[in-house]
Amino acid sequence: MPRTLITSAIPYINGIKHLGNLVGSQLPADLYARYCRARGHEVMFICATDEHGTPAELAAAKAGKPVAEYCAEMWQVQKDLADGFRLSFDHFGRSSSHQNHKLTQHFAGKLDEAGLIDERSSRQVYSVADGRFLPDRYIEGTCPNCGFEDARGDQCDNCTKQLDPTDLINPRSVISGSTDLEVRETKHLYLKQSLLKDRLDQWIDSQQGWPVLATSIAKKWLHDGDGLQDRGITRDLDWGIPVMKGDKPWPGMEGKVFYVWFDAPIEYIAGTVEWADATGGDWERWWRTDKGARDVRYVQFMGKDNVPFHTLSFPATLLGSGEPWKTVDYLKALNYLNYDGGQFSTSRGRGVFMDQALSILPADYWRWWLLSHAPENSDTEFTWENFQGSVNKDLADVLGNFVSRVTKFCRSKFGEEVPADGEWGTAEAALIETLSTRLKAYEALMDGIEIRKAAAELRAIWVAGNEYLQEAAPWATFKEDPAKAAAQIRMALNLIRFYAVLSRPFIPDAADAMLAGMRTEQDTWPSDVDAALRVLEPGHDFTVPDVLFAKITDEQREDWAERFAGTRD
RNA sequence: GGCGGUGUAGCUCAGUUGGUUAGAGCAGCGGAAUCAUAAUCCGCGUGUCCGGGGUUCAAGUCCCUGCACCGCCA
């Protein structure tokens, strides 16, 4: 049995994600996980919330809550939304878990043993009023170059000049507005990625079948300019994983935590440990090549912007540890989804957010549209007209109406059971032939994680059913040859079950409704189309399901377009 | 400023290593059918493949250049 480990980039804890975030990682990962399970793979599908860092602290402060409490609440919110979208994680973890604390500290210790950690002093801005060091972008002041008054410590938004916080005139804390700032000496750990450059280079060269996008981004970072830079892996914050060398204190690093980019990817592993702790499962056979993970295929999903972390930073941690950790075999990077002529914007409230989406339509509508329009090759545009058109046509008309016309016709002519009379002829043989070809194409596309093309192929499979029905015309044959009509409808009813099985990765709820309507739990992936279309035997009873997909009306569309427009600039 | 991406039918997008009349879905137009959520099925595309040069027997596909939009700059 093939074993597939799947991770989705972990969403930041700070707030509810929009549909662009969803389709950028979690949703395609879920599609693939569901498909692999359907094909009989043993699957471990892990996601989590990314909880550390200054933005989480500030969001908690704004909400008037301790950061741990805030994160716990937001984790639950994100978990519920993931459930609402039917994201089938085996475990949805938290990067703040004690499992991740332990593993992150373990990796730091191993990297230090391998001579890959440096302690370096630097001078950073400290806010006396806030009682903390301030990251560059949390300091604002007047730009020395152009005089812009709200320049940030890393860059002036007005003249785009790159700045150092100490360049700013009249610097102030973004957090409190305090101007009581001073520059203090502080010490941090650096991961000497530069020493790993050759190993990473070789490792990337040894990868088979990575998308060129991923390889080229990785190579660019590896070779451009001065090559791969060492990176600070600690911060002067309270909220995070305390810096320790394995389970021992790290002298001189008291009160400091690991930087979020260091501990976040480790949560992929720690999340699996969380799963194991909760279920009694064995996480090492997924992650340690010396303990059974050698035959695991590891597939990562992420947004384009996350590629360097997954191709370089995280592998640097894994390879640098000197331990036999499983590294990624294939990675799927997605582009961005735009909203109606602009970007989705969390800060401006522009676009549709996960909670809002579920409040107006069931998950399957969104899953279908987002996946069938997934931004694989380039950025993609969401418009309400396109959404309404695609969903109404594909789901309501092509698929939903097929189920409706078949079951209702059968009920009125033969009753609510699979009719027994008649034999299949050449039309049915031709249909089986067509479906066999298309099924193979669909499988190949799903295996290759070509999401849009797979969706198009699935739709073509639905269309084939309507074509068959149109040609067979059981409503006409019923008049002269009821037995023939019975055979045709027996085929059509079986198509519904067949479609439910194939469609399930995309639209799990509708698929379940179709199976429930057909009163069957036989949902094995078809290996032989002819046999798969004989599963519902003569006499098998069914019920006419409720309308699977109600159409989106023009009024709804206009209302939603208005509601989610947000503030344009 | 540097780097990268994108620009193909009204809309959303495909177009392998350059090779016959540039494709799909939707929308639109015409027809068939009437079982069905006024759904389905069939037929219909004279598109400056962003502009301009160039390489080639042959370029949407390679090179140069201009324009537009969009990202990234640790």
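Values reported hereafter were calculated over all heavy atoms of this structure, with side chains retained and with hydrogens, waters and symmetry mates removed. The chains referred to below are lettered A, B, ... by the order of the sequence lines, with proteins before strands, and numbering in each begins at 1. Source: prediction; values computed, not measured.
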Q: May I ask you to say what A:Gly400 touches in the nucleic acid, namely base, sugar-phosphate or nothing, with a heavy-atom cut-off under 4.0 Å?
A: base

Q | Span that lies between the C1' atom of B:A59 and that of B:C64, in whole angstrom | A | 15 Å

Q) Reckon A:Lys551 has a side-chain N or O less than 4.0 Å from the OP1 or OP2 of B:A39? A) yes

Q) If you check the A:Glu467 side chain, which of B:C41, B:U40, B:C35 turns out closest? A) B:C41

Q | Spacing of the C1' atoms in B:G53 and B:G10 (rounded, Å) | A | 31 Å

Q: Could you say whether A:Arg452 or A:Leu469 is positioned toward the 5' end of RNA chain B, judged by the nucleotide with the nearest heavy atom to each?
A: A:Arg452

Q: Decide if the gap between the ring center of A:Tyr499 and the ring center of A:Phe402 is smaller than 6.0 angstrom.
A: yes

(Q) Tell me whether the NZ or CZ atom of A:Arg519 lies within the 45° cone about the ring axis of A:Phe542 and under 6.0 Å from its centre. (A) no

(Q) Could you tell me how far B:A74 sits from B:U6 if I compare only their P atoms? Round to whole Å. (A) 23 Å

(Q) For a quick check of understanding: with a heavy-atom distance under 4.0 Å over all strands, which category does A:Ala396 fall into, base, sugar-phosphate or nothing? (A) base

Q. Within less than 4.0 Å of OP1 or OP2 of B:C26, is there a side-chain N or O belonging to A:Arg459?
A. yes

Q. Any idea which of B:U40, B:A36, B:U34 is nearest the A:Ser404 side chain?
A. B:A36

(Q) Taking the P atom in each of B:C63 and B:G25, what is the distance between them to the nearest angstrom? (A) 32 Å

Q | Closest-nucleotide 5' rank along RNA chain B - winner of A:Val547 and A:Asp397 | A | A:Val547

Q) On a whole-Å scale, what distance lies between the C1' atoms belonging to B:C49 and B:G60? A) 5 Å

(Q) Can you tell me how the ring of A:Tyr32 sits relative to the ring of A:Phe301, calling it parallel under 30°, perpendicular over 60° and tilted otherwise? (A) tilted

Q) Side chains of A:Met514 and A:Arg504: closer than 4.5 Å at any heavy-atom pair? A) no

Q. Which whole number of Å gives the distance between the C1' atom of B:C67 and that of B:G15?
A. 24 Å

**Q.** Side-chain N or O of A:Lys408 closer than 4.0 Å to phosphate OP1/OP2 of B:U37
**A.** yes

Q: Rounded to whole angstrom, note down the P distance from B:C13 over to B:U56.
A: 37 Å

Q.
Which nucleotide wins on minimum distance to the side chain of A:Arg405, given the candidates B:A36, B:A33, B:U37?
A. B:A36

Q | A:Lys453 side-chain N/O to B:G15 phosphate OP1/OP2 under 4.0 Å | A | yes

Q.
So that I know where these two stand, are A:Trp369 and A:Phe382 an aromatic pair - ring centroids less than 6.0 Å apart?
A. yes

(Q) What's the gap between B:C72 and B:A9 when it is taken at their C1' atoms, as a whole Å value? (A) 32 Å

